[in-house]
Amino acid sequence: MNYNFLEIEKKWQKFWKTNKTYKVGFSSKPKLYVLDMFPYPSGAGLHVGHPLGYIASDIYSRFKRHNGFNVLHPQGYDSFGLPAEQYAIKTGQHPKKTTLDNINMYRNQLDRIGFSFDWSREIRTSDPNYYKWTQWIFILMFNSFYCSIDNKAKNIENLISSFNKEGDKMYRDKLTDLGYSFNNLEWNDFNPKKKSEILMNFRLAYLTDGEVNWCEELGTVLANDEIINGVSERGGHPVTKRKVKHWCLRISKYSERLLNGLDKINWPDPLKEMQRNWIGKSKGVSINFKIENSNKSIEVFTTRPDTIFGVSFLTIAPEYTDISDLSSSENKLVIEKYLSEVLKKSERDRLSDVKTVSGVFSGSYAIHPFNGNKVPIWISDYVIASYGTGAVMGVPAGDQRDFDFAKKFQIDIPNIFKNIDISNSAFSDKTGFKLINSEFLDGKDYNESIEIIINEIENKNIGKSKIQYKLRDATFSRQRYWGEPIPIYYKDGIPQNIDLDNLPLKLPEVDNFLPTKNGDSPLGNSKAWAWSEKDKKVTSNDKINDIDTFPIELNTMPGWAGSSWYFYRYMDPTNNENFVSEDSQNYWSDIDVYFGGSEHATGHLLYSRFYQKFLYDLKFLNKDEYAKKLVNQGMILGNSAFVYRKSGTSEYLSKNLISDIKVDKIRIDIKYVEGEDHLNFDLLKKDDKDFKNSKFILEKDKFLCLREQEKMSKSKFNVVNPDEICNQYGADTLRMYEMFLGPIEQSKPWDTRGISGVHSFLKKFWNLFFKEGKINLSSEEPSKESLKSLHKTIKKVSEDIEKLSLNTCISSFMICINELSSLNCNNRLILEDLLVLISPFAPHFSEELWSQIGNSKSIVDEKYPDYEEKYLVESEKAYPVSFNGKTKFTLNLSLDLNHQEIEKAVLSNEKTKSILNNNIPKKIIIVPGKIINIVI
RNA sequence: GCUUCGGUGGCGAAACUGGUAGACGCGCUGGAUUCAAAAUCCAGUUCCUUUGGGAGUGUGGGUUCGAUUCCCACCCGAAGUACCA
């Protein structure tokens, strides 16, 4: 019988579906939660890169199930998002419909690969029964503040009652900075609007003013990555800044805990490092500089207070609030010109143009707090308003940016480092210097001076130690249609949340998915988007004039709102009373292994940790990290650059022939001699620098370019569809081949040529069971060799799956089957164990043979075989005999021999004698069971 | 610039805590089978070589009886981040 994978795979996929083989529930077995990052169902469908992580997690899940675990292995869809909406704008189709179509397509593709997902737990973030809870969490955040005393989130009622009882006492510093000061009586007298305004500074989900990128032509707000060189990526239209009220999440309050939590989770170090950098903790000092002839001062933040005597200027950001107070009248015009130039530039421009030093003198001076010098105050865009205090002290001797700035504007560069030349560049090391020209710090190094100066600053009461984080609060509003509505309405301008009982607040129907003419989000196009307080439901807009009907927030939530907590919903996907029941949470607890790409390091993987900690603070969750272990699978790269031969000519065309989308035609003049498999690229036109230094290899009708291997994506025309592979070789071959490509976390190129090796391995395995088309197994006692081969494989595979070294598992299987083939092994006991062993990798294949050899139950719950040491014991070892570390020959010796006996045996060997050539060895190193090394 | 991860045959890659470098697969070469092809099977395949050997894991040093593995310096590539004071 032939290995008819198409038939077999269809049969077992159907079997699993009808028998609900992969449905899990509570059980007395130990639980294991294995999760993949859920996909965004795009119109392009899956390519062979997508399932890489899913296959690995599936193998791991099935392996653990064989080992007696109750494995939760769910899947769902991150189905809100921009592409669906853009497609809707283009074609007029409702995103709901296109999303559903895409989900169905994805499901078909996924089903063909034979995953053990429990689809009864499927979730979709765009489903109102799901996003009800996404909205619910937002409301919790809106009604919470971060208590700096207990260092955790609490209900805002606690803060209100503190204001009621003792006024601003609890947060006096913060409130004073914000310009508020009140006692309890005054608080009670404040009108609701003022109260709301004050509380807004504490809520974890809060409304604030901020700039967004607005593209008039497209009538939409654009994200930073949709703008290139100050114009829109699509169409090249100008983009301006617009101040808009929007929602933010106060994630910055969790900076320290997000940082510390990394130490207790088993996530890849590079990814943790990325999160640490992103959070960007730095310890420093804030220092006040008095402004000359003014009672105001400028507060700067520095991590190098030891260099304070090197200050020769201060710089403030162009957005600095008190800028007009500082501008002297004669400088006003120049300053205004500079500011308008800078503020006109897009943020992207400002950030990308790092090399140009620009700035303008404000006309004012500050007083150095220690030596009393007059220090000019400059304005420059190299200072960022939103970091630190928006002002820095310029120490040209110790900071390269300050140095460049001082050089350009001919500001003093006082040297404060003994015997260090700073004529060409600043000296920014923290070691290897002693201070000079620094009064009481003279002769001190970094560690000594930093301690002294911080004390001094705090004693003089001109500043204090401060910890600064780069992590900013997360903007939460999106001027989009296809996202979760923000469950807020505005009563006399005061934001009110919709009651939890009245969720979900469903996305309204609109007749146009574009933003409205005045720049409001597409929800503004809805005719029924008002909240009736009396009826507690959404109602028609024309009722807004009624006394108890109010406008609803028009923005929607960002993509990561739904994905920040989804892993809990799988535990209890249909619960209508709770986002997850206590029982479910207690049983499934947290994710044991989470598979996904590292591109989410500072997005999803950070936001979800923040959500976790927030829900933990409010005691809705009982852990403060949600995933014990994270595995980043690498990308599968495609060959992007093809050169196609134009039939009948010696002309070659690149890329564009693969797609109907017009790409710039690159015509390459090359010399190609019939019969050669390489192209000579010396003859390339000089402007084809894309293909310079490339090597091309002929494959079928196209040349593969060996230089350009990049991420698979539809826009690069380099996708390989898994369906094609399933049709040609079967899902089991696809699964094994993807694992065989290399280590899971590594990026690797896709090369279809290699797939035949894995496929013929499966055929070879299959053939062991048959003789003349019929199952033919022997029930005799297995031979010693076959048992050894089997148990060697059991040991290696079990260990390697646990380490997720799946590529080496496939190698071991191949070695084993090669050995059994040459032994002509058809022993039932051996082959049965092997079927179970390989079933996580090739589930259809094993189910089929398992049933053909007479088993009636599915193989998925069979106990994974244990290896027995006794079959692996060796009596002899082929010792490598080296001379000065170079192996010359091997020598078979019994493992029973002791040190002296080995030495004797080696020295009496003829080969040893001839290599020694009568020299006496200086030393003989013998590691029993390993090596023999003779030093001459 | 900074942070992190990599660099091993023609290619994807193995090598456990330092102990026979290149397992396994692809590709290639030769052979068997076949009218022929596919499929399958067998042998070979790091490089150089005067067939004795010699060199070899990005480069240069170091530690060691012994280094792909540990240490130092450098080169190259990928990813992330970037006037973060």
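In what follows, chains are A, B, ... by sequence order, proteins preceding strands, each numbered from 1. Scope of the values below: all heavy atoms of this structure, side chains included, with no hydrogens, waters or symmetry mates. Values in this document were obtained by computation on a predicted structure and should not be read as measured data.
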Nearest-Å distance for atom pair [atom1]/[atom2], residues [X] and [N]:
X: A:Arg304; N: B:C83; atom1: CZ; atom2: P; answer: 21 Å
X: A:Asp399; N: B:G1; atom1: CG; atom2: C1'; answer: 12 Å
X: A:Asn818; N: B:C42; atom1: CG; atom2: P; answer: 8 Å
X: A:Leu271; N: B:U81; atom1: CG; atom2: C1'; answer: 14 Å
X: A:Leu762; N: B:G25; atom1: CG; atom2: P; answer: 13 Å
X: A:Gln468; N: B:C84; atom1: CD; atom2: P; answer: 13 Å
X: A:Glu599; N: B:C5; atom1: CD; atom2: C1'; answer: 16 Å
X: A:Asn884; N: B:U20; atom1: CG; atom2: P; answer: 17 Å

With respect to the phosphate group of [N], does any side-chain polar atom (N or O) of [X] fall under 4.0 Å of OP1 or OP2?
X: A:Gln746; N: B:A13; result: yes
X: A:Lys923; N: B:C65; result: yes
X: A:Tyr387; N: B:A85; result: yes

Regarding [X], tell me which of base, sugar-phosphate or nothing describes its non-hydrogen contacts under 4.0 Å with the strands shown.
X: A:Asp402; answer: nothing
X: A:Ser386; answer: nothing
X: A:Pro743; answer: sugar-phosphate
X: A:Ala878; answer: base
X: A:Thr887; answer: sugar-phosphate
X: A:Glu799; answer: nothing
X: A:Ser282; answer: sugar-phosphate
X: A:Lys888; answer: sugar-phosphate
X: A:Lys470; answer: base
X: A:Asp269; answer: nothing

Is the glycosidic angle of B:G62 within 90° of 0, making it syn, or outside that range, making it anti?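 For B:G62, whose glycosidic angle is more than 90° from 0, the conformation is anti.
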Taking O4'-C1'-N9-C4 for purines and O4'-C1'-N1-C2 for pyrimidines, is B:G9 syn (within 90° of 0) or anti? syn
Given the rule in the salt bridge (Lys or Arg N to Asp or Glu O under 4.0 Å) test, do A:Glu738 and A:Lys748 qualify, once you have shown the distances and angles that lead to the verdict? CA-CA 10 Å; A:Glu738 291 221 4; A:Lys748 53 236 154 193; over 6 Å; no
So, for A:Tyr607 and A:Ala474, which heavy atoms are closest and what is the spacing to 0.1 Å? CE2-CB, 3.6 Å
Taking the same atom, [atom1], in [N] and in [M], what whole-Å distance lies between them?
N: B:A55; M: B:C70; atom1: C1'; answer: 24 Å
N: B:G30; M: B:C76; atom1: P; answer: 42 Å
N: B:A79; M: B:G31; atom1: P; answer: 46 Å
N: B:A21; M: B:A15; atom1: C1'; answer: 7 Å
N: B:G77; M: B:A32; atom1: C1'; answer: 45 Å
N: B:G22; M: B:G56; atom1: P; answer: 16 Å
N: B:A67; M: B:C48; atom1: P; answer: 25 Å
N: B:U8; M: B:A78; atom1: P; answer: 14 Å

Can you tell me which nucleotide in [options] comes closest to the side chain of [X]?
X: A:Ile384; options: B:U3, B:C84, B:U20; value: B:C84
X: A:Ile925; options: B:C65, B:C24, B:A39; value: B:C65
X: A:Arg401; options: B:A39, B:G19, B:A85; value: B:A85
X: A:Asn277; options: B:G19, B:U3, B:G27; value: B:U3
X: A:Thr808; options: B:A15, B:A21, B:G19; value: B:A15
X: A:Ile931; options: B:G19, B:C24, B:U4; value: B:G19
X: A:Met274; options: B:A39, B:G80, B:G19; value: B:G80
X: A:Met814; options: B:G25, B:A21, B:G12; value: B:G25
X: A:Trp278; options: B:A85, B:U81, B:G27; value: B:U81
X: A:Ile815; options: B:A13, B:C24, B:A21; value: B:C24

First encountered from the 5' end of RNA chain B, between A:Asn933 and A:Ser822: A:Ser822
First encountered from the 5' end of RNA chain B, between A:Asn807 and A:Lys764: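 The residue mapped nearer the 5' terminus is A:Asn807.
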Answer with yes or no after comparing the ring centroid distance for [X] and [Y] against a 6.0 Å cut-off, counting only values under it.
X: A:Phe403; Y: A:Phe405; result: no
X: A:His791; Y: A:Tyr867; result: no
X: A:Tyr3; Y: A:Phe845; result: yes

Parallel under 30°, tilted from 30 to 60°, perpendicular over 60°: which one fits the rings of A:Trp750 and A:Tyr737? perpendicular
Using 30° and 60° as the class limits, which term best fits the ring planes of A:Phe309 and A:Phe370: parallel, tilted or perpendicular? tilted
A:Ser358 side chain to A:Tyr338 side chain, donor-acceptor N/O pair below 3.5 angstrom: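 Yes, because at least one side-chain N or O of A:Ser358 sits under 3.5 Å from a partner of the opposite role on A:Tyr338.
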For [N], which nucleotide in any strand shown is its Watson-Crick or wobble partner with both distances under 3.5 Å?
N: B:U33; answer: none
N: B:G18; answer: none
N: B:U8; answer: none
N: B:G1; answer: B:U81
N: B:U50; answer: none

Between B:A85 and A:Thr302, counting only base atoms on the nucleotide and side-chain atoms on the residue, is there a donor-acceptor pair under 3.5 Å?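 Check fails, no donor-acceptor contact within cut-off.
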Test: A:Lys803 and A:Asp800 ion pair at under 4.0 Å: yes
State whether the number of non-hydrogen atoms from other residues, nucleotides or ligands found under 6.0 Å of A:Lys911 atom NZ is greater than 12. no
